Number of protein chains: 2
Amino acid sequence: MQHTGAAPRTDTRKRVQQVALELFAEQGYEKTSLREIAERLGVTKAALYYHFRSKEDIVHSFTDDHNARLDALIDWAKNQPPGTGTRREILSRYVSTVLAGADVFRFIEQNRAAVQSLEGGKERFKLFRSRLDALVELLTGPDAPLRDHVRTTAALFATSAAIHVAGANADQDELHAIALEIAIDLVG
Amino acid sequence: MQHTGAAPRTDTRKRVQQVALELFAEQGYEKTSLREIAERLGVTKAALYYHFRSKEDIVHSFTDDHNARLDALIDWAKNQPPGTGTRREILSRYVSTVLAGADVFRFIEQNRAAVQSLEGGKERFKLFRSRLDALVELLTGPDAPLRDHVRTTAALFATSAAIHVAGANADQDELHAIALEIAIDLVG
DNA sequence: GTCTATAGACGGATAGAC
DNA sequence: GTCTATCCGTCTATAGAC
């Protein structure tokens, strides 16, 4: 019941995303050409253009989700009553969100300038920096002193540290616990 | 006693470095062309090639110092007796070193993938990541548990947070105090 | 859905005059 | 020390056959 010839390869789109994410994080977005991605997949550049309209479009295909989750978290946080409990819940959700998209997050951190140029040019999204600053603002309240801003930013950076240290194999729950503990240590 | 005509412009090399550092950090290394740098300075591309052998050479002209300082810190740290006092001294020197080269540091963070490609290709330096990991190793000791690695990495990231939050105007001493306080909170 | 072929633009780098 | 002019490579993206 099996036909001869090459398989239909209906999952090419996802394979492109996987390879692109890997190469972009490793070598950088600009330095990675579509030719290189195509070669690694055993297809041609033109094939990529069947699945994606442009190189930027590949990036958006895996950053859209991640950005939407962060925006949802920010919106949710805005409508919560201030207090220690809320603050810890925000931190916990932030850690979970970032860890869940660790691959995408790694890519963004390795290519901050490039990603900001993409998103900034089209005004399609708030910048990565704006999102982080928005969360810091919500966690500290307005007119907080410099020390609070830095400590809260460092609290969020703790998840970056966890991703930086962890290999692909690490236990998500353990990383969550470690990152959250640090964050709470810093924002009190 | 003043002559007519254009000034000799003997400081072009430094002006190139300033503009390049600014544009690289803002738009990204790859996206910034030599044409753009030259235009902003009111000279031509060819003029840049009198002062620098290549685009990469411009980068090295301001990362060499910064990397050398970090390597010196690592070497010094290797020869210190272990203990709380040494650990805090390492952290303090790290914060000072990074804050002193904040502009360069910002550039590196905005272009991690691009910078690693440059340095990795020539094996001229240890990678940025290697340097950070080396310091973490010295601060935690060998075979430390995951939690210690993450906390120590987060301690070093605190300086990144300080730079991220601070504008160009911020008080260096205040930032130093804040970043060091966080680092000590995390490594105990 | 994938291919070949190519357009069209732009980048880094060099040669040589002034 | 800066200029004009140009070479050559690579890249993104498209047209059109299969």
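Labels below follow one simple rule: chain letters A, B, ... track the order of the sequence lines, proteins then strands, and each chain is numbered from 1. Computed from a predicted structure; not experimentally measured.
For DNA chain D, none of the residues of residues 19-26 of chain B falls under the heavy-atom distance limit of 4.0 Å. Contacts between residues 28-49 of chain B and DNA chain D, defined by a heavy-atom separation below 4.0 Å, involve B/G42, B/V43, B/T44, B/A46, B/A47, listed by number.
Between the side chains of A/Q116 and A/N111, no donor N or O sits under 3.5 Å from an acceptor N or O.
Not counting sequence neighbours, the partners of A/F62 by the ring-ring contact (aromatic ring centres under 6.0 Å, His included) test are A/F107. For B/R35, the side-chain hydrogen bond (donor to acceptor under 3.5 Å, both in side chains) partners at least two apart in sequence or on another chain are B/E39.
Between the side chain of A/T86 and the backbone N or O of A/P81, at least one donor-acceptor pair lies under 3.5 Å.
Between B/E174 and A/R147, none of the side-chain N atoms (NZ, or NE/NH1/NH2) sits under 4.0 Å from a carboxylate O, so this pair counts as no salt bridge.
Listed by first and then second residue, the salt bridge (Lys or Arg N to Asp or Glu O under 4.0 Å) pairs that reach into residues 97-108 of chain A come to none, sequence neighbours excluded.
When rounded to the nearest whole Å, the span between NZ of A/K55 and P of D/dC11 equals 9 Å.
B/V59 and B/Y50 fall into different hydrophobic clusters, where Ile, Leu, Val, Met, Phe, Trp and Tyr residues are linked whenever their side-chain heavy atoms come under 4.5 Å apart, directly or through other members.
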Distance-only check: which donor-acceptor pairs under 3.5 Å involve side-chain atoms of residues 18-31 of chain B, not counting sequence neighbours?
{"residue": "B/Q27", "atom": "OE1", "partner": "B/T32", "partner atom": "OG1", "Å": "3.2"}
{"residue": "B/Q27", "atom": "NE2", "partner": "B/E36", "partner atom": "OE2", "Å": "3.1"}

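Dashed line: the shortest gap from a side-chain N or O of A/Y50 to OP1 or OP2 of C/dG1 is under 4.0 Å.
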